[in-house]
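Presented below is the structure to which this report refers.
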Amino acid sequence: MADAQLKTLFTEEELSKRIKEMGQEITLDYKDKAEPVVIISILKGALPFTADLMRAIEVPVELEVLVASSYGGGTETSGKVEFKYHSFKDLSGKHVILVDDIIDSGYTLEAIGRTMADYNPLSVAYCTCLSNTARRESDLQVNYNGFDISNKFVVGYGLDYDQKYRDLSFVGYLEGDEA
Ligand code: 5GP
Ligand code: MG
């Protein structure tokens with residue numbers, strides 16, 4: 001990995017174009033809702049994606065953030081995650097859109113969704129920038145996804161490897177690493 005070369009998978013322009021389309025999709029789905037819409041950004045990885053997505057949505061959205069305790073990626077499907085930090089209290093009467101950088105096995109997002117129910121949202125939708133469909137194990141259906149990828153460990157645009165690469169404007173992968 002130390003000698004691995006960083007390759008581009010999705011350029012800044014490709015990300016921007018797709019996120020504008022996603023914003024349009026979400027706008028259409030929520031424009032007739034009378035209740036508030038809240039985006040909950042799952043930190044840290046979803047931060048750049050959330051910032052771009054919320055500005056591509058043409059209905060007013062509230063913004064909250066969530067830091068979930070790292071989920072072991074085990075095969076337990078009934079588990080909940082602990083929220084290490086969350087900026088919201090009660091979500092009664094609000095439509096929630098959970099925003100994450102990538103869905104892989106799906107267990108993290110599934111568990112977050114389950115814990116989210118404790119806050120009584122009116123509805124919960126799932127939105128990811130990337131989806132590693134080849135690695136999916138959970139039955140969770142994502143409502144909005146930017147790009148499908150398969151069997152690549154990606155970095156950039158919020159995604160890290162050992163806290164590095166989050167600041168890249170594009171999504172890349174480290175060649176020689178097919179993990
Ligand atoms: P899941 O529970 O869906 O398997 O894992 C989701 C989380 O694992 C993501 O929110 C992300 O933090 C991390 N993750 C999964 N795949 C990748 C990847 O290819 N690159 C990076 N940097 N993180 C990933
Ligand atoms: Mg994450």
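In each ligand, atom 1 is the first atom listed, and ligand 1 is the first ligand listed. In what follows, every heavy atom counts, from backbone to side chain, and hydrogens, waters and symmetry copies are set aside.
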Next on the checklist: If only side-chain N and O atoms count, and only distance matters, is there a donor-acceptor pair under 3.5 Å linking T133 with D148?
Outcome noted: no
Next on the checklist: Would K7 and Y173 count as a cation-pi pair here, with the cationic atom under 6.0 angstrom from the ring centre and within 45° of the axis?
Outcome noted: no
Checklist entry - With a cut-off of 4.0 Å, which atoms of ligand 1 are near a heavy atom of D101? => result 9 (C), 10 (O), 11 (C)
Next on the checklist: Is it the case that the side chains of R135 and S150 hold a donor-acceptor pair, with the cut-off being a distance below 3.5 Å and no angle test?
Outcome noted: no
Item to check | Ligand-residue contact atoms, ligand 1 with D100, heavy atoms, under 4.0 Å | outcome: 10 (O)
Checklist entry - What atoms of ligand 1 come within less than 4.0 Å of a heavy atom belonging to L159? => result 21 (C), 22 (N), 23 (N)
Next on the checklist: Please confirm whether N132 approaches ligand 1 to less than 4.0 Å, judged on its heavy atoms.
Outcome noted: no
Checklist entry - What atoms in ligand 1 come closer than 4.0 Å to a heavy atom of T108? => result 1 (P), 2 (O), 5 (O), 6 (C)
Checklist entry - Would G106 count as a contact of ligand 1 if the rule is a heavy atom under 4.0 Å away? => result yes
Please set out all donor-acceptor pairs under 3.5 angstrom arising from side-chain atoms of residues 56-68, sequence neighbours excluded.
unit_1 : atom_1 : unit_2 : atom_2 : d
E58    : OE2    : Q24    : NE2    : 3.0
E62    : OE1    : K94    : NZ     : 2.9
E64    : OE1    : S87    : OG     : 2.6

Next on the checklist: Under a 4.0 Å threshold between the charged nitrogen and the carboxylate oxygen, would E110 count as salt-bridged to R114?
Outcome noted: yes
Checklist entry - If you measure from each heavy atom of Y161 to ligand 1, is any distance below 4.0 Å? => result no
Next on the checklist: Could you check whether K164 makes a cation-pi contact with Y161, meaning its NZ or CZ is under 6.0 Å from the centre of the six-membered ring and within 45° of the ring axis?
Outcome noted: no
Checklist entry - Given that the side chain starts at C-beta and the backbone is N, CA, C, O, which of these parts of L109 lies under 4.0 Å from ligand 1, counting heavy atoms, or is it both or neither? => result neither
Checklist entry - Got a sec, which pairs hit ring pair (Phe, Tyr, Trp, His ring centres under 6.0 Å) with one end in residues 112-149, sequence neighbours left out? => result F10-F147, F83-Y119, H86-Y119, F88-Y119
Checklist entry - Going from OG on S41 to CG on L47, what distance comes out if it is rounded to the nearest 0.5 angstrom? => result 5.5 Å
Next on the checklist: Tell me the nearest of I42, D104, I103 to atom 17 (C) of ligand 1, using heavy-atom distances.
Outcome noted: D104
Checklist entry - Quick one: does K152 get a heavy atom under 4.0 Å from ligand 1? => result yes
Item to check | Whether D160 lies under 4.0 Å from ligand 1, heavy atom | outcome: yes
Item to check | Contact atoms of ligand 1, heavy-atom distance to Y107 under 4.0 Å | outcome: 2 (O)
